[in-house]
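One structure is given below, encoded as structure tokens.
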Amino acid sequence: MIDFIAHNLAPIMFSTVMLMLLLGYPVAFTLAAGGLIYFAIGVELSSISPEIKLFWPLLQSHPDRIYGIMYNDTLLSIPFFTLMGLILERSRMAEDLLDTIGQLFGPIRGGLAYAVILVGALLGATTGVVAASVMAMGLISLPIMLRYQYNRPLVAGTIAASGTLAQIVPPSLVLIVMADQLGRSVGDMYVGALYPAILIVAAYCAYIFVASMLKPDWAPALPLEARTLGGGVTSLFVMIAVTVGLYFLGHEVLFIGIASPEWRLVAALAFGVLAAYVIAIANSKFGLNIISRLTQQVIIVLIPPLALIFLVLGTIFLGIATPTEGGAMGATGALVLAALKGRLSFATLKHALEATTKLSAFVMMILIGARVFGLTFYGINGNIWIEDLLTALPGGEYGFLIVVTIIVFILGCFIDFFEIAFIMVPLLAPVAEKLGIDLVWFGVILGINLQTSFLTPPFGFSLFYLRSVAPAGDWKDQATGKMMTGMKTLDIYKGVLPYIIIQFIMIIVVIAFPSLVMRYKSGHSTVDPENVKIEVPGFGAGGGMSLPPLGSDGGNGAPGGFGLPPLGSNGGLPGQAPATGTPSMDLSQPPVIK
């Protein structure tokens, strides 16, 4: 029995720790305890099994491993993005966006549902926190959609699904953690996830369109009396045309002197957008009636968050800032926006800082536990066991991706994405790389998979977040004074099923078309290692690695070698001419790489 345990310690350890996690024990302490307990067992069994490479002095490496986490600049972006999201949530940006976009799409069927999806994407691009997105939209949009007789499962599913867009729309916390654990650039991960995220948003909107066409009573248009901003869509299109014209004017005429094409684009874009914003503000303050009230509200409400998104993502994509610097600018921008709206109070700042500190400490504790677990697991060759297990799967890289998708999906129903990223991804990444799978592509697939698991009954986290804010019993609508029926849990489960199907289709699409993600490589210069030729400069007239004789000129007509002039040279015996030789490469220059 002892011999069996010694030779199968890796699968036993992995199964035990996973079981404890699924039973609900605290993740950080379960990982750390499992790592330490099995470390002791492994040391005692190391004499039986040559596969176990553990010994007591190895425990002394833990302090350095923990300090390595604290020195990780990439993970510093997590508290920045969290703080930004919480400040924006407290400044009621989601409420303003939902109201304005709901009015914009109000005249068409399913307009409120489109508004929820688009606001979910915008919140995902500014907050990156699923809980904040789902709960904010649940509190704001659920009563409004039920007031206008939207189908209850459709309402619940749309809110829950659009809130999970924060998982995949950059700057997602999931993508930051994935990039760190996969050893890839966060900027590359963001660029790789951009097209799949846009496709997911488009697929959600397509589902609403089909549902509203087949079942018009499920998603009616807003009644005329509810459209408080009135009409004026033509004015909006005119302002868009003016903004585009100003952009081209700036790009082709005003900023032609800017050498960098990226900065020239940014300057022209800022010129056009800022001009539109100034017009809207002036129209609002002085009652100029240049543009319609709807256009004015859309511009005033949409441009600040879009500018914040560009401040974060645009600077990262253009290579101006690192993700950590982008997160810091985003948090600063969120504080400025909240202050300009008069919604930045001490209580708001205190709550945001407390929540950010808790999340950062939560992530840090899980990482410490994962490091303790990882040292023991690698010491008993657990990584080799995982690699042998997964590389033996039929179907090559596609078989591996399908099996991993199923495993991660199941785990995502029970444990949070932080635990999956810190436990499973370091074990899966070497196998994926060995199979020739691009790790950015692999990370995006895992991100979409985790987004799907957030929706899956009965353990999907988004379902819990929505359940916590949706009224379970009868409630009174404050706007109409009518009594409304509460939202049933079954309605929530039924509503997310179509979105789960959409998510699975998107996973298949991303696996089938890697080019959706691989566009991140378009800006990278590639070098074929087989075509690299290194020329090492020779020493002396003979070339190669030979040394010139003492006092020789090194082959270039000047005193060289060890700095001793030859006998009879200038500075040596009189009357003797300097030695001459074949010119060689200039040693003051670096080797030439062709």
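Predicted, not measured: the structure shown is a model, and the values here were computed from it. Keep in mind that the numbers below use all heavy atoms, side chains included, and drop hydrogens, waters and symmetry copies.
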For this session: Could you check Gln451 against Val174 for side chain to side chain contact (heavy atoms under 4.5 Å, CB included), going step by step and ending with a plain yes or no?
Result: CA-CA 9 Å; Gln451 181 190 356; Val174 174; over 6 Å; no
For this session: Could you go through the side chain to side chain contact (heavy atoms under 4.5 Å, CB included) check for Val177 and Ile78 one step at a time?
Result: CA-CA 8 Å; Val177 174; Ile78 291 178; 3.9 Å; yes
Problem set entry | Worked verdict on Leu173 versus Leu359 for side chain to side chain contact (heavy atoms under 4.5 Å, CB included) | CA-CA 11 Å; Leu173 295 184; Leu359 180 65; 4.3 Å; yes
For this session: Evaluate the criterion side chain to side chain contact (heavy atoms under 4.5 Å, CB included) for residue pair Val169 and Ile200; output intermediate values, then yes/no.
Result: CA-CA 9 Å; Val169 174; Ile200 291 173; over 6 Å; no
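Considering only heavy atoms from C-beta on, Leu112 stays 4.5 Å or farther from Leu98 through its side chain. Between Ile309 and Leu306, some side-chain heavy-atom pair lies under the 4.5 Å cut-off. The side-chain heavy atoms of Leu466 and Met487, taken from C-beta on, include no pair separated by under 4.5 Å. The shortest side-chain heavy-atom distance between Gln181 and Leu367 falls under the 4.5 Å cut-off. For the pair Leu165/Tyr204, a side-chain contact is recorded, criterion being any heavy-atom separation below 4.5 Å from C-beta on. Tyr38 has its side chain out of reach of Ile380: every pair of non-hydrogen atoms, C-beta onward, lies at least 4.5 Å apart. His62 has its side chain out of reach of Arg371: every pair of non-hydrogen atoms, C-beta onward, lies at least 4.5 Å apart. In this structure, Leu302 and Ile101 have side chains that are in contact, with non-hydrogen atoms separated by less than 4.5 Å.
Heavy atoms from other residues, nucleotides or ligands lying under 6.0 Å from CZ of Phe310 number more than 12. Enclosure of atom CZ in Phe513 is not indicated, since only 12 or fewer non-hydrogen atoms of other residues, nucleotides or ligands lie within 6.0 angstrom. By the neighbour-count criterion of 12 heavy atoms within 6.0 Å, atom OH of Tyr25 is sparsely surrounded, having that number or fewer from other residues, nucleotides or ligands.
Under the ring pair (Phe, Tyr, Trp, His ring centres under 6.0 Å) criterion, Phe464 pairs with no residue at all, not counting sequence neighbours. For His351, the side-chain hydrogen bond (donor to acceptor under 3.5 Å, both in side chains) partners at least two apart in sequence or on another chain are Arg90. Residues that satisfy the salt bridge (charged side-chain N to carboxylate O under 4.0 Å, His left out) test with Lys488, not counting sequence neighbours, are absent from this structure. Partners of Asp180 under the side-chain hydrogen bond (donor to acceptor under 3.5 Å, both in side chains) rule, at least two apart in sequence or in another chain, are Asn72. The ring pair (Phe, Tyr, Trp, His ring centres under 6.0 Å) check on Tyr493 picks up nothing, with sequence neighbours excluded. Shown here are the ring pair (Phe, Tyr, Trp, His ring centres under 6.0 Å) partners of Tyr150, two or more places apart in sequence or in another chain: there are none. Ser462 is linked by a side-chain hydrogen bond (donor to acceptor under 3.5 Å, both in side chains) to nothing, counting only residues two or more places apart in sequence or in another chain. Remark: Glu397 pairs with no residue by the salt bridge (charged side-chain N to carboxylate O under 4.0 Å, His left out) rule, at least two apart or across chains. Lys341 meets the salt bridge (charged side-chain N to carboxylate O under 4.0 Å, His left out) test with Asp96; sequence neighbours excluded. Considering only residues two or more places apart in sequence or on other chains, Thr357 meets the side-chain hydrogen bond (donor to acceptor under 3.5 Å, both in side chains) condition with none of them. Contacts of Glu325 classified as salt bridge (charged side-chain N to carboxylate O under 4.0 Å, His left out), with partners at least two apart in sequence or in another chain: none. With sequence neighbours left out, Tyr190 forms a ring pair (Phe, Tyr, Trp, His ring centres under 6.0 Å) with no residue at all.
Closest approach of Pro471 to Leu142, counting heavy atoms only: CD-CD2, 4.0 Å. Annotation for Gly330 and Val312: closest pair CA-CG2, 3.5 Å, computed over non-hydrogen atoms. Considering all non-hydrogen atoms of both residues, Pro170 and Leu313 come closest at O-CD1, 3.4 Å. A pairwise comparison of heavy atoms in Ala10 and Phe377 identifies O-CE1, 3.6 Å as the closest pair. Annotation for Asn449 and Ile507: closest pair CA-CD1, 3.8 Å, computed over non-hydrogen atoms. The two residues Phe400 and Leu393 come nearest to each other via the heavy atoms CA-CD1, 4.2 Å.
Remark: the backbone N or O of Ala470 is paired with a side-chain donor or acceptor of Arg467 at under 3.5 angstrom. Judged by distance alone, with hydrogens and angles left aside, the side-chain atoms of Asn381 form no donor-acceptor pair with the main-chain N or O of Ile384 at under 3.5 Å. Put simply, the side chain of Ser162 gets close to the backbone of Ile159: a donor and an acceptor are under 3.5 Å apart. Listed for the Ser360 side chain is a donor-acceptor partner under 3.5 Å among the backbone atoms of Thr356. Here the side chain of Trp218 pairs no donor or acceptor atom with the backbone of Gly110 at under 3.5 angstrom.
Checking Thr158 against Tyr499 by side-chain atom types alone, a donor-acceptor pair falls below 3.5 Å.
The CD1 atom of Ile437 lies 10.0 Å from the CG atom of Leu428; values are rounded to the nearest 0.5 Å. Ile501 CD1 to Leu455 CG: the interatomic distance, rounded to the nearest 0.5 Å, is 12.0 Å. Atoms CD1 and OG1, from Ile37 and Thr376 in turn, are 10.5 Å apart once rounded to the nearest 0.5 Å. Distance check, rounded to the nearest 0.5 Å: CD1 of Ile176 to CZ of Phe80 gives 11.0 Å. Between Met178 atom CE and Ile168 atom CD1 the span is 9.0 Å, to the nearest 0.5 Å. Taking CG from Leu21 and CD1 from Ile423, the interatomic distance works out to 5.0 Å, rounded to the nearest 0.5 Å.
Contact check on Lys350 versus Glu354 returns a salt bridge, with a Lys/Arg side-chain nitrogen under 4.0 Å from an Asp/Glu carboxylate oxygen.
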